[in-house]
Amino acid sequence: MRIKKAVITAAGWGTRFLPVTKSQPKEMLPLLNKPIIQYSVEEAIACGIDLVVIITSMGKRAIEDYFDHHFELESMLERKGETRLLEEVRRSSNMVDIGYIRQKEQLGLGHAVLTAKNMVGNEPFFLMLPDDLFENRELVLKEMMRIYENYQGSVVAVKRVAEDEVNRYGIIEYKQVADRIFKVIDLVEKPRSEDAPSDLAIMGRYLLPPEIFGAIQETSPGRNGEIQLTDALRRLLKQRPLYAYEFEGERWDAGTLPGWLEVTIALALQEPEIAPRLRKYLHKISSETASAV
Ligand code: G1P
């Protein structure tokens, strides 16, 4: 079985990045010289996706423009013989078929996913939250696909978090079935640490069956008064099993300022043209800070 479609949510306000997000979608903030959302699109393509559905909202037109052709810019670069830049610019508009759908009211993640119902149709699909970025980018979705096939159930990516962080995530109650694979018994959105069933938190990648749409339709507003995807998954548990994959390697949350800074540095350290200079600079400021203490 091959998963052909990936849904990427990009409809949120980006309040944690205000004021820059006042006139600029959060998903278009740069991680080095590419916008945050491009990393998810590339991750989906690496996994063989044919159609990416991006859920947007008011004020997000820059995303559509970014993945479109820019004739004036391209012909200027061509005239100047800037071949490498031209390739980069063209690449962003030729990557994959992208469909857009608008979430007209901000009623929660579950509600956002429901807007993609007709574009997804009656087949399983990946859901990707673009703020979450992974060190082993291509591996996570591929492993999830394997689990979907082997166990015939929906799959979420999970990672262990500290006790004081469980209230930021969907947390699962589980039974381990194999190395790094868990059968989900229950799940709860953003519990208080004393109520959390475990320390395994859902991290922005889901492999979902089309039945999720019906489950969302039946889900009432939950945490923060929003229609939560976690609650819909909980409802779906009655019909279909759900598995969790504990991926290896780092995960960053580019949706917070510290997370965005960390992933920027981690990515820069992978770039041969930038890494030596950055490493020297980080060393210099860390020894300066140490001697100041
Ligand atoms: C969403 C989900 C949550 C999940 C998290 C991962 O929360 O509702 O279950 O753990 O993404 O990043 P949000 O970060 O949108 O508040």
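In what follows, residues are counted from 1 in the order of the sequence shown. Every number for a ligand or one of its atoms is a count from 1 in the order of the listing. Computed over heavy atoms, backbone and side chain alike; hydrogens, waters and symmetry mates excluded.
Qualifying side-chain hydrogen bond (donor to acceptor under 3.5 Å, both in side chains) partners for Arg146, counting only residues two or more places apart in sequence or in other chains: Glu143.
Between Tyr174 and Phe182, the two ring planes are perpendicular [angle over 60°; tilted spans 30° to 60°].
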So what's ligand 1 close to, N/O to N/O, under 3.5 Å?
{"from": "ligand 1", "atom 1": "7 (O)", "to": "Lys190", "atom 2": "NZ", "distance (Å)": "3.3"}
{"from": "ligand 1", "atom 1": "8 (O)", "to": "Glu189", "atom 2": "OE1", "distance (Å)": "3.4"}
{"from": "ligand 1", "atom 1": "8 (O)", "to": "Glu189", "atom 2": "OE2", "distance (Å)": "2.7"}
{"from": "ligand 1", "atom 1": "9 (O)", "to": "Gly170", "atom 2": "N", "distance (Å)": "3.0"}
{"from": "ligand 1", "atom 1": "9 (O)", "to": "Glu189", "atom 2": "OE1", "distance (Å)": "2.7"}
{"from": "ligand 1", "atom 1": "9 (O)", "to": "Thr230", "atom 2": "OG1", "distance (Å)": "3.3"}
{"from": "ligand 1", "atom 1": "10 (O)", "to": "Gly170", "atom 2": "N", "distance (Å)": "2.9"}
{"from": "ligand 1", "atom 1": "10 (O)", "to": "Ile202", "atom 2": "O", "distance (Å)": "2.7"}
{"from": "ligand 1", "atom 1": "12 (O)", "to": "Asp132", "atom 2": "OD2", "distance (Å)": "2.8"}
{"from": "ligand 1", "atom 1": "16 (O)", "to": "Lys190", "atom 2": "NZ", "distance (Å)": "2.7"}

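Heavy atoms of other residues, nucleotides or ligands lying less than 6.0 angstrom from CZ of Arg102 number more than 12. No more than 12 heavy atoms of other residues, nucleotides or ligands lie within 6.0 Å of CZ in Arg192, so this atom counts as exposed by the packing criterion. Under a cut-off of 6.0 angstrom, the local environment of NZ in Lys190 is crowded, with over 12 non-hydrogen atoms contributed by other residues, nucleotides or ligands.
Using a 4.5 Å heavy-atom cutoff, the side chains of Leu208 and Leu233 are in contact.
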